[in-house]
There are 2 protein chains.
Amino acid sequence: MRKKTIEDYVELVYDLQKGKKRVHTNDIASALKINPASVTEIFQKLNEEGYVNYEKYSGATLTEKGKKVAKATKKRHDILTEFLLLLGVDKKTAEEDACEMEHILQPSTMDTVIKFVEIVKHCQITPYWLERLKRYVKTGKLSKCPPELVDACLKHATTSK
Amino acid sequence: MRKKTIEDYVELVYDLQKGKKRVHTNDIASALKINPASVTEIFQKLNEEGYVNYEKYSGATLTEKGKKVAKATKKRHDILTEFLLLLGVDKKTAEEDACEMEHILQPSTMDTVIKFVEIVKHCQITPYWLERLKRYVKTGKLSKCPPELVDACLKHATTSK
DNA sequence: ACCCATTTTTAGGCATACCTAAATATTACT
DNA sequence: AGTAATATTTAGGTATGCCTAAAAATGGGT
């Protein structure tokens with residue numbers, strides 16, 4: 001199975017598993033609007049590859065391996081969504097694009113994104129130029145950066161080398 | 001054909017077309033390290049769908065439609081690479097991840113990325129906190145943001161509302 | 001405990017994007 | 001121009017992730 005397929009399904013099983021013991025083919029099928037028969041096949045393969053414990057007619061639960069993948073994928077998803085939101089992407093689009101990005105970005109890129117989000121979130125304020133970016137994205141108008149601010153940044157940029 | 005497949009092949013034809021009249025199945029095959037026979041099939045389908053002019057034994061050229069797709073894809077690719085480089089992702093990884101992202105990001109997300117790159121590039125200096133991010137990515141150590149800078153930003157953030 | 005509705009699986013099919021082996025076209029050389 | 005080497009295509013095959021239709025298992029109501 002493709003990485004994307006494994007991660008997508010395992011993540012969904014993880015979400016649907018909350019509040020119930022086992023996830024049934026129908027749960028996945030209706031969530032994804034695909035045929036239950038297709039989910040049966042997927043479950044069989046996920047079972048073979050050790051991501052779920054699946055038994056005929058009684059649904060599936062995640063194995064430790066599956067849980068690990070699900071949590072990692074979900075974490076990437078959440079961080080990427082937050083990242084896109086910070087940049088000014090609207091919520092729906094951020095969710096959707098994060099859903100694709102979570103499968104393709106390499107670890108070192110994810111690490112960079114994580115640190116980006118971390119820095120911005122731990123700032124006492126939203127960085128000025130991020131606000132500028134959001135305004136630009138929303139209105140299409142780009143304001144000029146105040147010279148005093150450039151100077152202030154410049155001072156720190158050079159002193160830190 | 002899948003969007004990704006069309007874009008990837010058309011983009012490659014575009015690159016290989018430079019300096020020669022027609023792109024042959026072998027050119028693509030050796031670039032992608034796949035079997036020439038597979039490229040024949042792809043060319044036939046791209047031809048049917050109007051992205052290339054393909055004729056047996058004589059290779060393919062891009063149609064206007066194909067050129068348009070190739071240029072747009074390439075542009076997205078370049079901007080995404082630049083974006084990731086700005087964040088501190090290393091060159092090789094940036095190229096590779098851009099290559100995947102170029103097919104999945106929605107137009108509004110791409111627009112945001114474009115504006116991000118634009119703002120940072122048109123800054124007289126590299127924004128201070130972007131430098132901080134790069135240092136953090138590289139060294140794993142996160143320096144504290146100088147209070148004066150926070151104050152300066154804060155002033156502009158509030159006055160601009 | 002039995003029957004009927006619902007859920008789930010099985011079996012067989014399809015498109016995509018790849019493969020190998022064999023056939024055929026092109027080209028380059030003498 | 002004929003032939004050998006190379007390039008390209010055809011034919012047939014594979015795995016993936018979906019489908020439909022039909023068979024089989026499950027479970028709730030009386």
Original post:
Other than Val52(B), which residues form its hydrophobic cluster under the rule that side-chain heavy atoms must be closer than 4.5 Å?
Top reply: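 Listed partners: Met1(B), Ile6(B), Tyr9(B), Val10(B), Leu12(B), Val13(B), Tyr14(B), Leu16(B), Val23(B), Ile28(B), Leu32(B), Ile34(B), Val39(B), Ile42(B), Phe43(B), Leu46(B), Tyr51(B), Tyr54(B), Leu62(B), Val69(B).
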Original post:
Which residue lies toward the 5' end of DNA chain D, Pro36(A) or Tyr57(A), if each is placed at its nearest nucleotide?
Top reply: Pro36(A)
Subject >> Derivation of the side chain to side chain contact (heavy atoms under 4.5 Å, CB included) call for Lys121(B) and Glu82(B) >> reply: CA-CA 10 Å; Lys121(B) 268 177 61 184; Glu82(B) 209 172 347; 2.7 Å; yes
With respect to the phosphate group of [N], does any side-chain polar atom (N or O) of [X] fall under 4.0 Å of OP1 or OP2?
X        : N       : result
Ser38(A) : dC19(D) : yes
Lys56(B) : dT10(D) : yes
Lys4(A)  : dG17(D) : no
Gln44(B) : dT9(D)  : no

Subject >> Identified side chain to side chain donor-acceptor pair (under 3.5 Å) counterpart of Glu102(B) within the set Arg76(B), Lys74(B), His77(B), Lys75(B) >> reply: His77(B)
**OP:** Among Lys3(A), Arg2(A), His103(A), find the one that has a side chain to side chain donor-acceptor pair (under 3.5 Å) with Asp8(A).
**Re:**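 Checked Lys3(A), Arg2(A), His103(A) against Asp8(A); only one passes side chain to side chain donor-acceptor pair (under 3.5 Å): His103(A).
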Subject >> Geometric class of the Phe116(B)/Phe116(A) ring pair [parallel <30°, tilted 30-60°, perpendicular >60°] >> reply: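 Correct class here is tilted.
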Round to a whole Å and report the spacing from [atom1] of [X] to [atom2] of [N].
X        : N       : atom1 : atom2 : value
Ile34(A) : dT16(D) : CD1   : P     : 16 Å
Arg2(B)  : dA15(C) : CZ    : P     : 16 Å
Glu48(A) : dA15(D) : CD    : P     : 12 Å
Lys3(B)  : dA17(C) : NZ    : P     : 14 Å
Ile42(A) : dG17(D) : CD1   : P     : 6 Å
Leu46(B) : dT9(D)  : CG    : P     : 13 Å
Lys45(B) : dC14(C) : NZ    : C1'   : 12 Å
Glu55(B) : dA25(C) : CD    : P     : 16 Å

Subject >> Among dA21(C), dC18(C), dG12(C), the one nearest Ala37(B) by side-chain distance >> reply: dA21(C)
Original post:
Which part of the nucleic acid does Thr5(A) contact within heavy-atom distance under 4.0 Å: base, sugar-phosphate only, or nothing?
Top reply: sugar-phosphate
**OP:** Determine whether Leu87(A) and Leu85(B) fall in the same hydrophobic cluster, where Ile, Leu, Val, Met, Phe, Trp and Tyr are linked whenever their side-chain heavy atoms lie under 4.5 Å apart.
**Re:**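 Hydrophobic grouping puts Leu87(A) apart from Leu85(B).
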Original post:
Near DNA chain C, under 4.0 Å by heavy atom, which residues of residues 6-31 of chain B?
Top reply: Tyr9(B)
**OP:** Go through the steps for Ile104(B) and Met101(A) under the test side chain to side chain contact (heavy atoms under 4.5 Å, CB included), then give the verdict.
**Re:** CA-CA 8 Å; Ile104(B) 59 172; Met101(A) 289 171 74; 4.0 Å; yes
